[in-house]
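Structure record follows, encoded as structure tokens.
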Number of protein chains: 2
Amino acid sequence: MNEISEQLHGKGRYATRTRERVAQVLREERRYLTAHAIHEMLVARGISISLSTVYRTLELLVGLGVAATRGEENGEISYVFCTVQHHHHAVCRTCGRVEEVGCGPLARFARDLRAGQGFELEDHAIELYGRCSDCAKR
Amino acid sequence: MNEISEQLHGKGRYATRTRERVAQVLREERRYLTAHAIHEMLVARGISISLSTVYRTLELLVGLGVAATRGEENGEISYVFCTVQHHHHAVCRTCGRVEEVGCGPLARFARDLRAGQGFELEDHAIELYGRCSDCAKR
DNA sequence: AATAATTTGACGACGAATCGCAAATTCATG
DNA sequence: CATGAATTTGCGATTCGTCGTCAAATTATT
């Protein structure tokens, strides 16, 4: 089976069909989705699932480290599938696809920041917006 | 008077004492605050103001470009005072102070991103966390 | 001071997110 | 494959942040 089932079993949680379906949506879409959007997509596929369960499953996936959250400007919370620990997201403005990217050049940025205004950089959150390789061709 | 009053007059809006007080809190604090927090701070100062007015004033300040918003992970929306157009925020983890910083090294980052995975960078949102110069000394 | 405009406060509406509990599902065991 | 203990699910109610409505108050102008 997949990793999520194993991770759940290792923590004494059940790997249910419902949870697998929520994770599947995130895996397929690879873009930021609200709990409501995920719920609607599942219902559209003819799958019966409650909104509460979607919320609880998403919370679980975030705890497992396979999903990340983002607070939208309108107060909603969006979720996206992700695989590695520390990274950032490049969001395509055309198709919404989310790619994971490293944070290489931040080292020099941190140096400049300390030299310039004495700020000691410890962590950072970056969101990048633009066109993914597919959408940039058109 | 100050700039905000002039900007309001130029748009046919009134520069009221209430609005000045909300702006004053943001100017003094220089950190991300929710509408509720701002409301409580004003009430604690003995100022009578409704939560609705705080919300409306914050919306107005964002429209004027003197405040910026951030969606928190719990779905709340926070506001911070800011002065220049495009910039990013360095948030002190000790005192919460927010400093504005430029985005110099992003140019090279954009080049690497395009070369690496074909992503065309158009815009970005960055939040930096660490210690401001004062807190770093202790 | 009078007038026309905007703004304020109180109240309610709305939606996102959470909680409690009974019913259903999952999983290990025999 | 049936059984039982554990977890999970669904439903409804609830909380909470945010926004809309409208009469009363405030502001700016004459």
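With C/dG9, C/dC27, C/dT18 as the choices, the nucleotide that has an atom nearest any side-chain atom of A/Ser52 turns out to be C/dT18.
Put simply, CG on B/Leu51 is 14 Å from C1' on D/dG20, counting in whole angstrom units. If you measure from atom CD1 of A/Ile47 to atom P of D/dG10, you get 11 Å, rounded to the nearest angstrom. Taking atom NE2 of A/His9 as the reference point, atom C1' of D/dA6 lies 12 Å away to the nearest angstrom.
Partner of A/Leu58 under the side-chain contact (heavy atoms from CB on, under 4.5 Å) criterion, chosen from A/Thr34, A/Ile77, A/Ile38: A/Ile38.
OP1 or OP2 of C/dA16 lies within a sub-4.0 Å distance of a side-chain N or O belonging to A/His36. An OP1 or OP2 oxygen of D/dT18 is reached within less than 4.0 angstrom by a side-chain nitrogen or oxygen of B/Tyr55.
Judged purely by distance below 3.5 Å, without hydrogens or angles, the side chains of B/Glu28 and B/Gln24 pair a donor atom with an acceptor atom. When only modelled atom types and interatomic distance are considered, A/Asn74 and A/Glu72 share no side-chain donor-acceptor pair under 3.5 Å. A side-chain donor-acceptor contact under 3.5 Å links B/Thr69 and A/Glu73.
Nearest-nucleotide assignment on DNA chain D puts the 5′-proximal partner with B/Thr34, out of B/Ala15 and B/Thr34.
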- Does the pair B/Gln7 and B/Val66 meet the rule for a side-chain contact (heavy atoms from CB on, under 4.5 Å), with working shown? CA-CA 10 Å; B/Gln7 285 191 65; B/Val66 299; 4.0 Å; yes
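At a non-hydrogen distance threshold of 4.0 Å, B/Glu76, B/Ile77 from residues 71-79 of chain B come into contact with DNA chain D.
The CZ atom of A/Arg13 sits 5.0 Å away from the CG atom of A/Leu60 when rounded to the nearest 0.5 Å. To the nearest 0.5 Å, the span separating SG on B/Cys82 from CZ on B/Arg27 amounts to 12.5 Å. Here the CZ-CZ distance, from B/Arg31 to B/Phe81, works out to 15.5 Å after rounding to the nearest 0.5 Å.
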- Task: Give DNA chain D the dot-bracket treatment, 5' to 3': Watson-Crick (N1-N3 with N6-O4 or O6-N4) or G-U (N1-O2, O6-N3) under 3.5 Å, [ ] crossing, | other strand.
- Result: ||||||||||||||||||||||||||||||
- Reading nucleotides 3-8 of chain C from 5' to 3' and marking B where a protein heavy atom lies under 4.0 Å of the base, S where only the sugar-phosphate is that close, and - otherwise, the string is --BSSB
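A donor-acceptor pair under 3.5 Å links the side-chain atoms of B/Arg19 to the main chain of B/Tyr14, judged by distance alone. With A/Thr57 contributing its side chain and A/Thr53 its backbone, the two residues share a donor-acceptor pair below 3.5 Å. Between the B/His39 side chain and the B/Ala35 main chain, no donor and acceptor come within less than 3.5 Å of each other.
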